[in-house]
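The block underneath contains the structure these notes are about, expressed in structure tokens.
Both counts, for ligands and for their atoms, begin at 1 and track the order of listing. Here the structure is a predicted model, which means the values were calculated and not measured. The first residue of the sequence shown is numbered 1, and numbering continues consecutively from there.
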Amino acid sequence: MIAGHRGAASLAPENTLAGFKKALQSGAKWIELDTQLSADNTPVIFHDETVDRCTNGKNKVADLTLEQLQALDAGSWFSEEFAGEQIQSLEQTLAFFMANDLSMNLEIKIHHDHQVQPLVDKVAEVLEKMNFPHEKLIISSFSTLALTHCRQIMPTVRLGYITEHEPRTTLVKLKPLNLYSLHIDYKILTEEMAKEITQSGLKLNIWTLNDIQQASKFRAWGVEMIITDKPDLFAQA
Ligand code: G3P
Ligand code: MG
């Protein structure tokens, strides 16, 4: 399975509708994207804590309202071709995914622990309101607090733990959450680790692999989902 990372981060500005369209056109069935709350408590699709790198604005996402966020240009920083791209709400994005039969790897992006509860509560509310199909969803996070809160309020949703470290100790702690998958930085994955993870019953997903030459090795190790900035390369292979 191929998932476009932040949409299709090498083809279009990350976490934008243009990126989701690029991933869709490239044949990817899955897209990874990041969500966090605006100042007026709307989950929006954005990676960084501030809008500085990926828009023409400044300030923290958490300090800007949805209206202020959507007034920004989230495309020109990447290329003039994408001028006027708007930050999307989670609700708008779910509608796009449902209309196009796409599956979502929804990363709960936590910059500070106090963000966990309000963000997860809102995400759950929006997923329910939109009636997004759970078989087309994995909720993932680096934050074990976020995963724990997700499990409390969404007993059956598929949860993935994201990490860039040796995962064994944390996975033992997270056992009660009944995780679905582990999403690991491909740079630290070894064949032995892969074996242990898949044998434990967890699905194994890697990020962010952009070198197509390495794909067959990881597939042989039992990797299920490759999260890549270049879904065009991988989905065709
Ligand atoms: O979901 C995997 C990957 O997106 C985690 O890293 O920083 O790109 O959100 P980041
Ligand atoms: Mg991410």
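- For ligand 1, one of its N or O atoms has an N or O atom of H5 under 3.5 Å away.
- At the shortest separation from atom 1 (O) of ligand 1 among protein heavy atoms lies E32 OE2, 2.8 Å.
- No other N/O/S atom of D34 lies as close to the Mg ion (ligand 2) as OD1 does.
- Using a 4.0 Å cut-off to heavy atoms of D34, the atoms of ligand 1 that qualify are 9 (O).
- Taking the N/O/S atoms of E32 in turn, the shortest distance to the Mg ion (ligand 2) belongs to OE2.
- Annotation for W221 and T190: closest pair CZ3-C, 3.5 Å, computed over non-hydrogen atoms.
- Taking only nitrogen or oxygen atoms, main chain and side chain alike, S140 does not reach within less than 3.5 Å of ligand 1.
- D229 and T208 form no side-chain donor-acceptor contact under 3.5 Å, judged by distance and modelled atom types alone.
- For atom 10 (P) of ligand 1, the nearest protein heavy atom (residue, atom name, distance) is H47 NE2, 3.3 Å.
- L147 and G160 get closest at one heavy-atom pair: CD2-O, 3.5 Å.
- Shown in contact with F142 at under 4.0 Å from a heavy atom are these atoms of ligand 1, numbered in order with element: 5 (C), 6 (O).
- For the pair H183 and ligand 1, no heavy-atom separation below 4.0 Å is found.
- Heavy-atom proximity to I162, at under 4.0 Å, picks out these atoms of ligand 1: 1 (O).
- To the nearest 0.5 Å, atoms CG (D48) and OG1 (T55) are separated by 9.5 Å.
- Judged by distance alone, the side chains of Q92 and Q70 do bring a donor and an acceptor atom under 3.5 Å apart.
- Atom numbering of ligand 1 starts at 1 in the shown order; those under 4.0 Å from a heavy atom of K109 are 7 (O), 9 (O), 10 (P).
- Of all heavy-atom pairs spanning S181 and N205, the tightest one is CB-ND2, 3.7 Å.
- Of all the atoms in ligand 1, the ones that sit under 4.0 Å from a non-hydrogen atom of R6 are 7 (O), 8 (O), 10 (P).
- With rounding to the nearest 0.5 angstrom, the OG1 atom of T93 is 9.0 Å from the CZ atom of F96.
- A donor-acceptor pair shorter than 3.5 Å cannot be found between the side chains of H47 and E107.
- The closest approach of E107 to the Mg ion (ligand 2), by N/O/S atoms, is made by OE1.
- Between K195 and E192 no salt bridge is recorded (no basic side-chain N to carboxylate O distance below 4.0 Å).
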